[in-house]
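Some notes on the structure that comes next.
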Amino acid sequence: MHETTTMLIELGAVVFGLGIVGRLAGRLGLSPIPLYLLGGLAFGQGGLLPLTTTEGFIEIGAEIGVILLLLMLGLEYSPSELVDSLKTQYPSGIVDFVLNATPGAVAGLLLGWGPVGATALAGVTYISSSGVIAKVLTDLGRLGNRETPVILGILVIEDLTMAAYLPLLTAMLAGVGLAGGSLTLLIALGTAATALWVALRHGRFISKAVSSDNPEMLLLVVLGLTLLVAGFAQQLKVSAAVGAFLVGIALSGEVAHNTRQLFTPLRDLFAAVFFVFFGLSTVPGDIPPVLVPALLLAAVTTVTKIGTGWYAAKRAGIGPRGRLRAGGALVARGEFSIVIAGLATGVEPRIAPIATAYVLILVIVGPFATRWAQPVGMKILDWREERRATTAATATERTPALESTDPQGATS
């Protein structure tokens, strides 16, 4: 069979299959990400039916998928909202980093991966999935809740942290020395800061320049601009995804609204291709040996993310119910964890299977944690209060009995 014919058949089968599993996930009330990863595992190296001609196309589609995911995330925030989030939420961002990066770093060292592998796994466990969280909050009708700005603020800080983390990780993976790595990091931070300044100061001009009443022209201009900025960002040692995020920040008003409508199906398509590609690059037989560490990491970082949400919401003056909802919403991991693992696979191949297993677990647990963290947590808190009250009452009842046994008959 001709190679082009084979590629069309394989690609058609992949896209059609993604549509089927996406509908199945919707029926089950789950995120489709774990099914996309499982699909990639089934058709990748060592899978049931390996693909032969479409891997190159899927790899490029995966890169575009990450870029579109971050572009759409940036469109959700205005420049003023971004600045306000940074000013008010940075202490919570520090707590988030310490609580959730530490388990990954410790696990990487215990597994014998060295500083580079530990740094990569720290990033995998640190960052929540903005895409999954946004979808779950929308499905549950919580976008107007008081704790939602707190959740979004944490997500923004995590995404901006990636502007420093990804260049640093890339330098470490490349074996660059301290001086070279520091220079790379400074260039990356300078580029990100400049792009953010342009977005804040000249966002209206950029929005006006790309605006068009013709949907086709708007689609082409915004997509072209995003790919250009992402490419230059990558060249300057900043993540292409972060460059796309800053483009999204720069667009506002009606342009941002129209762009979201145009790009949503395109993002969903290429994001699905991205998750399939990661599954394709992971050998299924490598996952069972790392399932126990992945489960332990998932359990620990579920607790630490709930703790992060509790702390951040408490700082905002939100009550226990909202604190639990904020914590549960942050549990899901997804796209960025897979991006980090994909970068590190060339140096530490063992990170791919553990990251795949870890994301599969938490992308399933995340929506359930979002839904059930509040009712379950409140029952635990109520039980603790009842126990304290019972203990206090018991102590009060015992006091007279102790007094009556005093040989001197004294009272306190």
Side-chain angles (χ1 to χ4, degrees), residues 11 14-15 18-19 22-23 25-26 31-33 36 57-79 81-82 129-139 143 152 155-156 159-160 162-163 195-196 198-199 202-234 238-278 334-336 338-339:
L11 187 59
V14 168
V15 175
L18 291 176
R23 292 178 66 177
S31 165
I33 292 175
Y36 295 157
F57 180 88
I58 291 176
E59 183 175 3
I60 295 172
E63 293 284 343
I64 295 174
V66 176
I67 290 169
L68 293 180
L69 277 168
L70 272 294
L71 168 69
M72 295 294 286
L73 181 65
L75 290 170
E76 297 295 328
Y77 306 104
S78 69
E81 288 172 339
L82 181 65
S129 170
S130 302
V132 174
I133 291 169
K135 187 176 189 308
V136 173
L137 291 178
T138 302
D139 292 344
L143 292 179
L152 296 179
L155 295 178
V156 168
D159 290 326
L160 289 178
M162 290 294 105
L196 184 57
V198 171
H202 303 289
R204 290 184 179 179
F205 173 77
I206 296 172
S207 296
K208 187 176 180 180
V210 303
S211 179
S212 175
D213 294 330
N214 187 324
E216 179 185 351
M217 296 302 106
L218 180 62
L219 175 67
L220 292 173
V221 170
V222 173
L223 180 60
L225 176 64
T226 303
L227 294 176
L228 276 172
V229 172
F232 281 120
Q234 190 92 326
V238 181
S239 164
V242 173
F245 176 75
L246 293 172
V247 172
I249 293 289
L251 301 180
S252 59
E254 187 178 354
V255 173
H257 174 73
N258 293 338
T259 301
R260 278 195 297 269
Q261 289 185 320
L262 284 171
F263 277 75
T264 295
L266 199 63
R267 175 207 58 190
D268 293 342
L269 169 62
F270 282 101
V273 171
F274 165 70
F275 290 112
V276 168
F277 175 73
F278 189 80
E335 57 274 6
F336 247 135
I338 299 297
V339 170

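From a predicted model like this one, the values you see are computed outputs, not experimental measurements.
Environment of CG in D213: sparse, with no more than 12 heavy atoms of neighbouring residues, nucleotides or ligands closer than 6.0 Å.
Taking CG of N258 as the reference point, atom CG of L219 lies at 12.0 Å (rounded to 0.5 Å). Put simply, CE on M72 and CG on L266 are 9.0 Å apart, with the number rounded to the nearest 0.5 Å. Taking OG1 from T259 and CD from E254, the interatomic distance works out to 10.0 Å, rounded to the nearest 0.5 Å.
A pairwise comparison of heavy atoms in V210 and L218 identifies O-CD1, 3.4 Å as the closest pair. Nearest approach of I67 to A230, heavy atoms of both residues: CD1-CB, 3.8 Å. In terms of heavy-atom proximity, A272 sits nearest to L18 at CB-CD1, 3.8 Å.
Distance alone, capped at 3.5 Å, is enough to place a donor-acceptor pair between the R260 side chain and the L75 backbone.
At least one side-chain heavy atom of L223 sits under 4.5 Å from a side-chain heavy atom of L68.
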